[in-house]
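Throughout, a chain's letter reflects where its sequence line sits, starting with A, and its residues are numbered from 1. All values reported here derive from a predicted model rather than from experimental measurement.
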Amino acid sequence: MLTFEIAKTHLLSKPKQTLVAMMGVTFGIGMFIAMVSLMTGLNNFTEELTMTSTPDIRIFNDITRERLSLAEEWNPEGINQVHHQKPKNETAKLRNAFQIASDIRTNPMVLGAAPQLSSQVFYNYGPVQLNGMIAGVDIMEEDKLFDLRAKIKSGRLEDLLSTPDGLIMGSGLARKLNVQVGDRVVITTPQGFTMSLRIVGVFQMGLGAIDNIKSYANISTVQNIMQKDRSYITEINIKLKDTHQAKPLAQEMEKVYGYRAEDWETANATMLTGVVVRNIMTYSVSITLLIVAGFGIYNILNMTIYNKMKDIAILKATGFASNDVREIFLIQSLVIGFLGSLLGLMVGFGLSYLISLAPFDGGEFISITQLPVNFSPTYYIIGIIFGVSTTAIAGYMPARKAGKIDPIEILRGV
Amino acid sequence: MKTVLKTHKINKYFYEPERFQVLKGIDLSVQKGEFLSLVGKSGCGKSTLMYVLSTMDTDYEGDLEINETRLTGKKQNELAKFRNEHIGFIFQFHFLLPEFTALQNVMLPAMKLGKYSKAEVEERAYEKLRILGMHDQALKASSKLSGGQQQRVAIARALINDPTVIMGDEPTGNLDSYNTQVVFDILKQLTREFGQTIIAVTHDDEFAANTDRIVEMSDGSILS
């Protein structure tokens, strides 16, 4: 193509200027890739962490839920005003929890359903007293849901089955109490019940909010601590094969079993908001960078066209139409945009690779040694589309101006 | 003799700084193979007339016909295509594209025309450069050539599509007397040997005196 040849010659005859224009785009795209990789890496990492520690659906008895007042029950047609209604005095117990759980397991979309009960407790070890919680679980079923086996730092999962007073403790909690596998800790419930338990394992989810407070014990142990009967279960945790089915399925379960069923999106609304805010930030900064690069291209192309007025006049005199001239300059900006973006992708990849190598201490909050970086190709495709379209827009205006140049004014006005 | 260019009552006005008639009822016809020079004082309208004849200026009244095609009222894109095929240009300041070699400069209008393959165009470009004695400079960057050489390359470029008319705006205006002679001889040779029609605007009385026909203009009208 002739216009392409001319554009190529123009670009190659001023390599420095071409390079500077390209660097603008490269910088913009490179930063975009680096930022988006880090941000989405963090998002995915926290989401994954949260997903490994929270169930897709949690069924529990929501005793704080609004209920009909007696007046409304008796006189549904009338105007009723009930102020300051007290919650009904009922326990958080799920009736027939084990039957519900085995019924849920028959659903082909469900990966596993684990009934459990949990209580607030104080952990005592010598003079140290820490607030936390204890969950009574069927440890094998829990392992199926959260892959607990992979998170055991010391001790064995199976030991809990053979130890009626056993306890698998969060790593942060164990460190604060300064205890190891084999040690005994005394726990106290808010009701004042005290019991001595032996630590058979230590787990680490990687999330401070869990590792610092939570312990697992057998269902019967926790029922003992809470002084409840053998059928006392407060919640059923469910994992699905496809996480995104949680919302509709939760609504269905709520209808069938009459208990509150909460899906993970509702439970982690704060985290999801954080993701949205981070995405908005990433894209707004990147778009700003690209607009700056776009202005750079606009300026350079304007200057080039000003310097090439005579050439444009000559091309038009010898039979090149306005379209051809516009094409010549549009091609130049597209080539700058494309090569600049391509280089930007490489720079971005390099930057994100360096970031992924840099040591980073997550502290108490999350246990990581390096920043999580996402190398998904999606953002590289977005990057190149971004880069090329910005330069196309920035190049179009000067190119159109070049096409409109009147050759006579230049040829005569020397 | 065949008439290749004909105008009928061409009027043109300038509106800046105030309305002013530059061309007054120009009637002109040019025969094939004629070497015509347009002369006159500065501001008499000879350059303006040439740009109207060249189809680049479309803001006029009257009729323009080249090679039996009426060009008045055609669209810019059609005119560009027509110029490419039928009109060759030679300017006072050479106006080669500085990034390209002499050969590429000559080839460009032919590549635009797209009638021949690239190899054929290159062969034809060499042929034209040979007529002008420039074939041994073909691969030099055009900015490295001297003024006279550049003008000869520009003439080769004007010839590449075998145009109906070659138009020159002071084709020797920027050359020393030796190169003026060389360029003039080449133009003359083109009309004699190839039957090329040439219209040249000039200040140079000696140049004009040696052409086939002198058209003198004054205040926007043709005197003779």
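For A:Leu12, no part lies under 4.5 angstrom from a heavy atom of chain B. Proximity to chain A involves both the backbone and the side chain of B:Glu99, based on heavy atoms less than 4.5 angstrom apart. Looking at B:Leu108, both its backbone and its side chain come within 4.5 Å of chain A, counting heavy atoms on both sides. Heavy atoms closer than 4.5 Å to chain B are found in the side chain of A:Lys308, but not in its backbone. Residue B:Ser54 does not touch chain A at all, counting heavy-atom pairs closer than 4.5 Å.
For A:Tyr396 and A:Tyr298, the distance between ring centers is not under 6.0 angstrom.
Within the 3.5 Å criterion, the main-chain N or O of B:Ser117 finds a donor-acceptor partner in the side chain of B:Glu120.
Taking A:Ala317, A:Ser322, A:Ser13 one by one and counting their heavy-atom pairs under 4.5 Å with chain B, the maximum is reached by A:Ala317.
There is no side-chain donor-acceptor pair under 3.5 Å between B:Tyr60 and B:Thr48. Counted by atom type alone, A:Asn302 and A:Lys401 present one or more donor-acceptor pairs between their side chains at under 3.5 Å. Side-chain atoms of B:Gln21 and B:Asn11 form a donor-acceptor pair, as typed in the model, at a separation below 3.5 Å.
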